[in-house]
Number of protein chains: 2
Amino acid sequence: MQTTYSGKEIPQLAGEKCSVIYALEVIGGKWKLPIIWKLSKKESLRYNELKRELEGITNVMLTRSLQSLEEHRLVIRKELQHIPPHVEYALTDHGRALIPALEVIKDWGQAEMERVQSLTDDR
Amino acid sequence: MQTTYSGKEIPQLAGEKCSVIYALEVIGGKWKLPIIWKLSKKESLRYNELKRELEGITNVMLTRSLQSLEEHRLVIRKELQHIPPHVEYALTDHGRALIPALEVIKDWGQAEMERVQSLTDDR
DNA sequence: CCGCATCCCCCAGGATACTG
DNA sequence: CAGTATCCTGGGGGATGCGG
């Protein structure tokens, strides 16, 4: 969607202000949904825990994505005053409201994966 | 999602083959979900009807997106033998399975839109 | 009416290096 | 540990024009 929503311009749909499209603007991009997905599994995660779970993500992208999600109130950042620094990220209620949708998409993706798998098995 | 999923590489999540991510590969990009959304409202739509509903989409992107969705069996293409040509697109059962997720995302996006709206009203 | 062929631009996302 | 600062590249997506 990726779902991503892959950024760029928001498509305009005739006859309605489409909130599906609006949502895509907020949760679009390569890493936003994976981050939400990971955060949905735990109460909270530290910066480097997230980085370890999301294989291949760079500091830049993780920071940017988290900042964007924080701006839109999907994620809350808790900075504990410690040396060395200790920062925790967690989903807000608003962010958790997306989990049911992710569950549906996950189940759907699973079925899709298995279908494709069985196709390649045939060859 | 763009959610999108905006294509490119699929993020790898540690410890699990994440089907959320897999799904994003299929429904990612700028126009896929808008197309599914529009098709979910009617039994079927013709090429130019879709083009009219999706303001700003070009022939290239509409064609590419529909082909991709057809490959993944989300959409079925019915070509009626007429002069002039008449082609209809409709969701398959597999495609319709995504509608519940879109509904959740839509409601979530609506709330988000209204929240942002009320914020800008204050200024 | 319904597309495909081409060409091209822009920016999301990556690589690398450095700090409080 | 948790980020910033820079620079760069690939391909997603747009514009235009042609053809069955």
Side-chain angles (χ1 to χ4, degrees), chain A residues 1-12 21 24-35 39 44-71 75-90, chain B residues 1-12 21 24-35 39 44-71 75-90:
Chain A
M1 230 160 12
Q2 243 120 348
T3 7
T4 229
Y5 193 56
S6 297
K8 308 235 172 178
E9 283 300 301
I10 313 167
Q12 295 299 321
I21 307 308
L24 291 178
E25 187 192 21
V26 176
I27 59 176
K30 182 168 171 180
W31 297 102
K32 305 258 188 72
L33 281 180
I35 288 171
L39 286 177
S44 70
L45 285 170
R46 300 179 60 169
Y47 182 89
N48 275 337
E49 285 176 328
L50 269 172
K51 192 178 174 189
R52 229 171 294 125
E53 300 261 18
L54 304 161
E55 289 179 13
I57 196 170
T58 60
N59 284 331
V60 179
M61 288 315 297
L62 180 52
T63 301
R64 273 190 208 162
S65 304
L66 284 170
Q67 283 171 349
S68 169
L69 291 172
E70 203 191 350
E71 276 176 32
V75 159
I76 192 167
R77 199 185 101 110
K78 288 179 259 183
E79 185 169 356
L80 282 49
Q81 294 303 344
H82 282 169
I83 310 266
H86 183 123
V87 181
E88 300 232 327
Y89 293 92
Chain B
M1 19 191 111
Q2 198 245 278
T3 127
T4 149
Y5 193 55
S6 303
K8 307 231 173 181
E9 282 301 300
I10 313 168
Q12 295 298 321
I21 306 310
L24 291 177
E25 187 193 20
V26 176
I27 58 176
K30 182 168 170 180
W31 297 101
K32 304 257 188 72
L33 281 180
I35 288 171
L39 286 176
S44 70
L45 285 171
R46 301 181 58 171
Y47 182 90
N48 274 337
E49 284 176 328
L50 269 171
K51 193 178 175 189
R52 228 171 295 126
E53 301 260 17
L54 304 161
E55 288 179 14
I57 196 171
T58 60
N59 284 330
V60 179
M61 289 314 298
L62 181 51
T63 301
R64 274 191 207 162
S65 304
L66 285 170
Q67 283 172 348
S68 169
L69 291 172
E70 203 191 349
E71 276 175 32
V75 159
I76 192 168
R77 199 184 102 109
K78 288 179 260 183
E79 186 170 356
L80 282 47
Q81 293 303 344
H82 281 170
I83 309 270
H86 183 124
V87 182
E88 299 232 326
Y89 294 91

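Naming convention: chains lettered A, B, ... in sequence-line order (proteins, then strands); numbering from 1 in each chain.
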CD-CG distance between A:Glu49 and A:Leu39, expressed to the nearest 0.5 angstrom: 10.0 Å
Atom-pair distance (NZ on A:Lys51; P on C:dG14), nearest Å: 12 Å
Atom pair distance, as rounded to whole Å: CG in A:Leu45 and P in D:dA2: 11 Å
Interatomic distance where CD belongs to B:Glu79 and C1' belongs to C:dC1 [whole Å]: 11 Å
Inter-residue atom distance A:Ile27.CD1 - B:Leu24.CG, 0.5 Å rounding: 8.5 Å
Side chain to side chain contact (heavy atoms under 4.5 Å, CB included) between A:Leu69 and A:Tyr89, worked out: CA-CA 10 Å; A:Leu69 291 172; A:Tyr89 293 92; over 6 Å; no
Rounded distance in Å - CG (B:Leu62) to C1' (D:dT16): 17 Å
Separation between OH of A:Tyr47 and CG of A:Leu66, rounded to the nearest 0.5 Å: 7.5 Å
Below 4.0 Å: OP1/OP2 of C:dG14 and any side-chain N or O of A:Lys30: yes
Rounded distance (Å) that lies between atom P of C:dC11 and atom CD of A:Glu25: 15 Å
Point-to-point distance, once rounded to the nearest 0.5 Å, from CG of B:Leu54 to CH2 of B:Trp31: 6.0 Å
Sugar-phosphate or base contact per nucleotide [nucleotides 2-8 of chain C; S, B, -; heavy atom under 4.0 Å]: SBBB---
d(CE, B:Met61; P, C:dC9) in whole Å: 18 Å
Distance in angstrom units between A:Leu24 CG and D:dG13 P, rounded: 12 Å
Basic-acidic side-chain contact under 4.0 Å: A:Arg77, A:Glu79: yes
Spacing between B:Ile57 atom CD1 and D:dT16 atom C1', to the nearest angstrom: 16 Å
